[in-house]
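Note sheet for the following structure.
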2 protein chains.
Amino acid sequence: MSKPGYHHGDLESALLQGAVNRVRLVGAEKVSLRAIAGDLGVSPSAAYHHFPDKDALLTAAGFAAIDKLADQQELALSMISVIGVDGALARFRALGRSYVDFALNEPHLFRLAFGGHCVIPDGTDSEAPTRAWTILTAALDELVNEGLLKFEFRQKSEILVWSAVHGVATLILEGKLPPEAADDLFDSLAQMLGLGNE
Amino acid sequence: MSKPGYHHGDLESALLQGAVNRVRLVGAEKVSLRAIAGDLGVSPSAAYHHFPDKDALLTAAGFAAIDKLADQQELALSMISVIGVDGALARFRALGRSYVDFALNEPHLFRLAFGGHCVIPDGTDSEAPTRAWTILTAALDELVNEGLLKFEFRQKSEILVWSAVHGVATLILEGKLPPEAADDLFDSLAQMLGLGNE
DNA sequence: AAAATATCTATACAGTGTAAAGATACCGAC
DNA sequence: GTCGGTATCTTTACACTGTATAGATATTTT
């Protein structure tokens with residue numbers, strides 16, 4: 001299944017990987033299908049047997065980028081073994097930090113992922129809850145369990161937290177906010193979530 | 001200064017306007033310099049006497065889009081004449097709503113404005129406080145003056161509010177959150193800002 | 001082994017951004 | 001006014017893009 005001969009074995013995932021690599025380096029709007037194919041020593045037209053067109057390949061790469069973000073978040077979470085209140089808070093913060101870090105370390109992948117290429121069809125809830133969403137809700141659950149977040153605030157907190165973290169990442173990336181804004185935001189979030197308790 | 005003859009008078013702003021129009025319709029990555037020039041009945045190369053390259057033109061169009069967003073916000077603000085506490089709250093909400101509305105009504109302009117084309121050089125504070133920023137701080141000032149927001153929370157609220165609103169706009173636009181998420185977010189924000197008082 | 005199919009290549013075409021050189025209209029100096 | 005210089009625009013050309021079509025090659029099926 002890897003490379004059993006002339007037919008290259010698994011061009012589809014090789015193309016995807018190549019697309020991700022190229023986007024990572026130069027950004028989505030400056031990657032050419034021909035370059036990706038060239039990297040793999042393959043004719044430009046070869047891609048059309050696996051993806052309907054260039055845009056579809058980039059979209060697939062975008063979803064791969066979203067997955068990489070989720071990977072990084074889970075990795076960041078896994079490195080915090082503290083339990084209890086402190087653990088819950090640390091994990092919450094690590095989640096935001098890894099999100100922003102991904103945006104700043106991989107700006108091109110981040111923009112590809114959230115820049116119009118990977119729009120969900122907008123139909124009624126497509127019942128595809130995104131790994132990022134799942135990860136976030138788990139962290140908020142923990143905050144609730146530890147008594148750090150009032151249960152009735154949890155639902156709305158999901159939207160607030162994700163929006164704020166995504167927003168600050170984007171705005172820093174675009175130079176609209178300074179990098180320190182991220183930590184300030186995390187402070188505000190922690191503080192405000194906590195305030196619901198007293 | 002408008003159209004005094006063959007030299008077209010003011011090609012530069014005509015190109016800019018044309019670029020904005022085209023981006024508005026089909027999105028930045030599908031607009032061609034030649035099409036913009038064609039709309040104006042002008043040769044493709046003509047643009048190069050006014051902009052170093054296509055990217056620069058699109059960047060200018062992006063900043064124009066940012067300005068349109070600010071216009072829309074100020075217009076939304078101007079339509080609320082209520083004074084006092086209710087007015088401050090209404091204006092705060094209208095600010096968020098107009099921001100999200102702009103993103104949803106003009107997705108291509110919004111993406112151009114915040115999708116990497118208009119990055120501030122990232123140098124130390126470039127002392128260019130953006131109209132959006134000014135507008136936001138004014139609204140928060142009013143909240144403080146009306147006693148709806150604790151003074152010590154104001155500074156950090158700037159980042160929180162702008163990030164959250166920008167984030168929710170983006171995530172709705174990309175299909176990651178449903179449209180109703182915006183109102184939920186405004187509820188949370190109003191509630192949480194208010195909580196700092198009791 | 002032969003036929004059918006999936007995969008890849010070769011070729012070609014219209015469209016792109018943009019560099020270079022030539023034409024045209026304007027503008028200030030005499 | 002006329003003349004020369006300059007900004008503006010056109011023409012032409014080139015390298016490059018995505019992708020459609022048709023042909024070659026390897027794999028799979030029968």
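Naming: A, B, ... by sequence-line order, numbering from 1 per chain. What you see below is based on every heavy atom in this structure, not just the backbone, and it leaves out hydrogens, waters and symmetry mates.
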So side chain to side chain donor-acceptor pair (under 3.5 Å) across residues 171-184 of chain A, not counting sequence neighbours, yields R111(A)-E174(A)
Heavy atom of residues 15-26 of chain B under 4.0 Å from DNA chain D: which residues?
none
Specify the separation, in whole Å, of atom CG of D10(B) and atom P of dT8(D).
10 Å
What residues, two or more places apart in sequence or in another chain, satisfy side chain to side chain contact (heavy atoms under 4.5 Å, CB included) together with H117(B)?
D55(B), L58(B), T59(B), L112(B)
Rounded to the Å, how far apart are L11(A) CG and dT25(D) C1'?
15 Å
Which heavy atom of V23(B) sits nearest to which heavy atom of A28(B), and what is that distance?
CG1-N, 3.9 Å
The remaining residues in the hydrophobic cluster of I80(A), counting side-chain heavy-atom contacts under 4.5 Å among Ile, Leu, Val, Met, Phe, Trp and Tyr, are V82(A)
Could you state the NE2-C1' distance from H49(B) to dT10(D), rounded to the nearest angstrom?
9 Å
Bending between helix ends of the helix from dA1(C)-dT30(D) to dC30(C)-dG1(D) [5 pairs per end, 10° resolution]:
10°
Sort and list the pairs that fulfil salt bridge (charged side-chain N to carboxylate O under 4.0 Å, His left out) and have at least one residue in residues 69-80 of chain B, not counting sequence neighbours.
D71(B)-R131(B), E74(B)-R131(B)
Nucleotides 13-18 of chain C: which of its N/O atoms have a protein N/O under 3.5 Å away?
residue: dT16(C); atom: OP1; partner: S32(B); partner atom: OG; Å: 3.3
residue: dG17(C); atom: OP1; partner: L33(B); partner atom: N; Å: 2.8
residue: dG17(C); atom: OP1; partner: K54(B); partner atom: NZ; Å: 3.1
residue: dG17(C); atom: OP2; partner: L33(B); partner atom: N; Å: 3.2
residue: dG17(C); atom: OP2; partner: R34(B); partner atom: N; Å: 3.4
residue: dG17(C); atom: N7; partner: R34(B); partner atom: NH1; Å: 2.3
residue: dG17(C); atom: O6; partner: R34(B); partner atom: NH1; Å: 3.1
residue: dT18(C); atom: OP2; partner: Y48(B); partner atom: OH; Å: 2.6
residue: dT18(C); atom: OP2; partner: K54(B); partner atom: N; Å: 2.9
residue: dT18(C); atom: O5'; partner: Y48(B); partner atom: OH; Å: 2.7
residue: dT18(C); atom: O4; partner: R34(B); partner atom: NH1; Å: 3.4

Counting only pairs under 3.5 Å, give me each side-chain donor-acceptor contact of residues 100-108 of chain B, with atom names and distances, residues two or more places apart or in other chains.
residue: D101(B); atom: OD1; partner: R97(B); partner atom: NH1; Å: 2.9
residue: N105(B); atom: ND2; partner: D101(B); partner atom: O; Å: 3.2
residue: E106(B); atom: OE1; partner: R24(B); partner atom: NH1; Å: 3.1
residue: E106(B); atom: OE2; partner: R24(B); partner atom: NH1; Å: 2.4
residue: H108(B); atom: ND1; partner: G27(B); partner atom: N; Å: 3.4

Residues 35-44 of chain A side chain polar contacts: donor-acceptor under 3.5 Å, at least two apart:
residue: D39(A); atom: OD1; partner: R22(A); partner atom: NH2; Å: 2.9
residue: D39(A); atom: OD2; partner: R22(A); partner atom: NE; Å: 2.8
residue: D39(A); atom: OD2; partner: R22(A); partner atom: NH2; Å: 3.2
residue: S43(A); atom: OG; partner: S45(A); partner atom: N; Å: 3.2

Which atom of G96(B) lies closest to which atom of F186(B), heavy atoms considered:
C-CZ, 3.3 Å
Against the side chain of S43(A), the closest entry in dC9(D), dT9(C), dC8(C) is dT9(C)
Those residues that, when tested against S32(B), pass side-chain hydrogen bond (donor to acceptor under 3.5 Å, both in side chains) (two or more places apart):
none
Starting from P on dT9(C), measure out to CG on L40(A) and report it in whole angstrom.
10 Å
Excluding sequence neighbours, so at least two apart, what forms side-chain hydrogen bond (donor to acceptor under 3.5 Å, both in side chains) with E158(B)?
R154(B)
Once you round it to whole Å, what is the distance between C1' of dG18(D) and NZ of K30(B)?
12 Å
Could you list the residues that satisfy side-chain hydrogen bond (donor to acceptor under 3.5 Å, both in side chains) with D53(B), not counting sequence neighbours?
none
Round to a whole Å and report the spacing from CG of L58(A) to C1' of dG18(D).
12 Å
Hey, does the side chain of H50(A) come within less than 4.0 Å of dC8(C)'s phosphate (OP1/OP2), counting only N and O?
yes
